[in-house]
Amino acid sequence: MTAATHSEGKHLGPAQYVMVWAALMVLTGVTLAVWKMEFSYAARVGIALGVALVKSALVAIFFMHLWEERGVARLVLVVSGLMVTLLIGFTLLDNATRFPYANPPYSESWKDEPWQKDAPPMQAEPPPIRTAPKSQAEHPAGHKP
Amino acid sequence: MHTDAAAAPSRLAHHFPDMKTQEHAARMGMWLFLSTEILLFAVLFTAYALYRFLFPVGFEEASRLAHVAMGATNTVVLITSSLTVALAIHYARLGENRKVVGLLAVTILFGVTFMVLKGVEYHHHWVDGQLPGRMYHFAGLSGPGVSMYFALYFLMTGLHGLHVLIGMGLLSWVAFRAMRGEFGPNYSTPVELSGLYWHLIDLIWIFLFPLLYLL
């Protein structure tokens with residue numbers, strides 16, 4: 001039995017693996033470039049997650065041999081991914097639709113509530129290095145949830 | 001497939017008709033195990049998503065304290081180590097055990113590099129007081145959600161680092177077996193399965209890096 005008949009699909013060679021690696025490197029570069037560009041918050045989250053999804057698909061399909069895998073083994077990763085999406089999605093849906101005070105104090109869902117004015121301020125000047133006033137710095141954990 | 005059974009009589013369990021079926025079952029089992037690993041990390045990713053949703057400003061400010069240069073280097077290191085593992089599997093199937101040993105040794109060295117850089121990062125956070133919960137005492141940034149970011153940062157990268165250590169152990173064992181020339185066209189299952197484990201570690205880091213360092 002030769003390596004070529006090892007399973008149903010065709011085997012990839014070293015050249016293909018190096019190409020996949022190069023693609024992963026380029027995508028890592030894209031992630032870092034987008035990070036440098038300081039797009040809007042939603043755009044940065046969207047692009048970072050999108051690129052990560054493409055990268056993980058490349059790793060799974062080529063490095064983890066899903067390409068040449070037979071039958072139900074291919075399904076396991078896809079179903080896992082689907083379940084993770086459901087778990088995260090419904091958890092966020094829950095907290096996003098709650099009565100505000102059912103979420104932790106000073107969280108984003110409190111922001112339109114009158115009590116939010118008591119929230120400890122975010123002690124941070126423009127990035128990257130900031131220093132808080134000394135008095136605040138001595139008790140930074142005072143009001144933390 | 002009697003030739004297979006004859007070629008490797010000790011490898012084939014009696015309830016499998018041939019090596020091909022046995023190896024397929026082994027990979028299937030490994031994938032199921034990996035799905036439980038994904039579940040394990042999924043809970044932490046859910047916690048991250050939830051607290052990021054609740055404290056978007058705190059998380060964004062806190063993630064600026066992450067050491068991006070070291071994180072990016074570690075991303076490159078892990079992706080390259082995935083390449084060397086993929087090549088090791090390739091040569092194991094061809095029975096070129098010396099190449100397998102070399103590639104796995106390089107992979108383990110990448111693992112060591114990853115853990116050392118991670119340790120340096122942890123040290124910086126420790127010295128600066130950027131720690132989880134009540135232990136957080138960094139003067140430069142405070143506010144709701146900031147210490148929560150660091151709790152999740154240490155939990156997620158810590159659990160991932162533990163997996164890197166286990167992966168390095170597995171690959172050392174496989175490299176030792178390759179040194180004895182055990183692998184070939186008929187039998188490369190240990191290389192494939194520990195390789196799958198290593199790739200999953202890479203896969204999880206692919207998500208951890210942008211979430212913890214760049215957003």
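Numbers restart at 1 for each chain; the letters A, B, ... are given by sequence-line order, proteins then strands.
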Nearest 0.5 Å, what's the [atom1]-[atom2] distance between [X] and [Y]?
X	Y	atom1	atom2	answer
B:Trp31	A:Leu75	CH2	CG	11.5 Å
B:Leu200	A:Met64	CG	CE	5.0 Å
A:Leu24	B:Thr75	CG	OG1	11.0 Å
B:Leu196	A:Leu77	CG	CG	10.5 Å
B:Leu39	A:Met83	CG	CE	9.5 Å
A:His65	B:Ile89	NE2	CD1	5.0 Å

Under a 4.5 Å heavy-atom cut-off, does chain B meet the side chain of [X], its backbone, both or neither?
X	result
A:Leu58	neither
A:Ile47	neither
A:Ser56	both
A:Tyr41	side chain

With a 4.5 angstrom heavy-atom cut-off, could you sort out which part of [X] is near chain A: side chain, backbone, both or neither?
X	result
B:Phe209	side chain
B:Ile204	neither
B:Tyr91	side chain
B:Thr36	neither

Checklist entry - Under 6.0 Å from the CZ atom of B:Arg98, do we count more than 12 heavy atoms belonging to anything else shown? => result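 For B:Arg98, atom CZ is not crowded (no more than 12 foreign heavy atoms under 6.0 Å).
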Checklist entry - Crowded around B:Phe154 CZ? As in, over 12 foreign heavy atoms under 6.0 Å? => result yes
Item to check | Between B:Ser82, B:Gly195, B:Gly29, B:Gly95, the one whose heavy-atom pairs under 4.5 Å with chain A are most numerous | outcome: B:Ser82
For a 4.5 angstrom cut-off between non-hydrogen side-chain atoms, does [X] reach [Y]?
X	Y	value
A:Phe63	B:Val85	no
B:Leu211	A:Leu49	yes
A:Lys55	B:Leu203	no
B:Val68	A:Trp35	yes

Next on the checklist: What verdict does the side-chain contact (heavy atoms from CB on, under 4.5 Å) test give for A:Leu32 and B:Leu214, after you've listed the backbone C-alpha separation in whole Å, the side-chain angles of each residue and the deciding distance to 0.1 Å?
Outcome noted: CA-CA 8 Å; A:Leu32 284 169; B:Leu214 304 181; 4.2 Å; yes
[X] versus [Y], closest heavy-atom pair with distance:
X	Y	answer
B:Pro210	A:Thr31	CB-CG2, 4.3 Å
B:Leu54	A:Pro104	CD1-CD, 3.5 Å
A:Leu92	B:Ala49	CD2-O, 3.5 Å
B:Ser35	A:Val76	CB-CG1, 3.6 Å
B:His90	A:Tyr17	CB-CE1, 4.1 Å
A:Val18	B:Leu83	N-CD1, 3.8 Å

Checklist entry - Do B:Arg52 and A:Glu108 meet the salt-bridge criterion of a basic N to acidic O distance under 4.0 Å? => result no
Next on the checklist: Run A:Glu68 and B:Arg27 through salt bridge (Lys or Arg N to Asp or Glu O under 4.0 Å) and show every step you take.
Outcome noted: CA-CA 12 Å; A:Glu68 57 198 53; B:Arg27 280 210 307 273; over 6 Å; no
Next on the checklist: Please determine whether side-chain contact (heavy atoms from CB on, under 4.5 Å) holds for the pair A:Leu53 and B:Phe207, giving the CA-CA distance in whole Å, both sets of side-chain angles, and the decisive distance to 0.1 Å.
Outcome noted: CA-CA 8 Å; A:Leu53 268 177; B:Phe207 284 96; 3.9 Å; yes
Next on the checklist: With chain B as the partner, which of A:Val79, A:Leu66, A:Asp94 has the greatest number of non-hydrogen pairs under 4.5 Å?
Outcome noted: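 Of the candidates given, the most pairs with chain B belong to A:Leu66.
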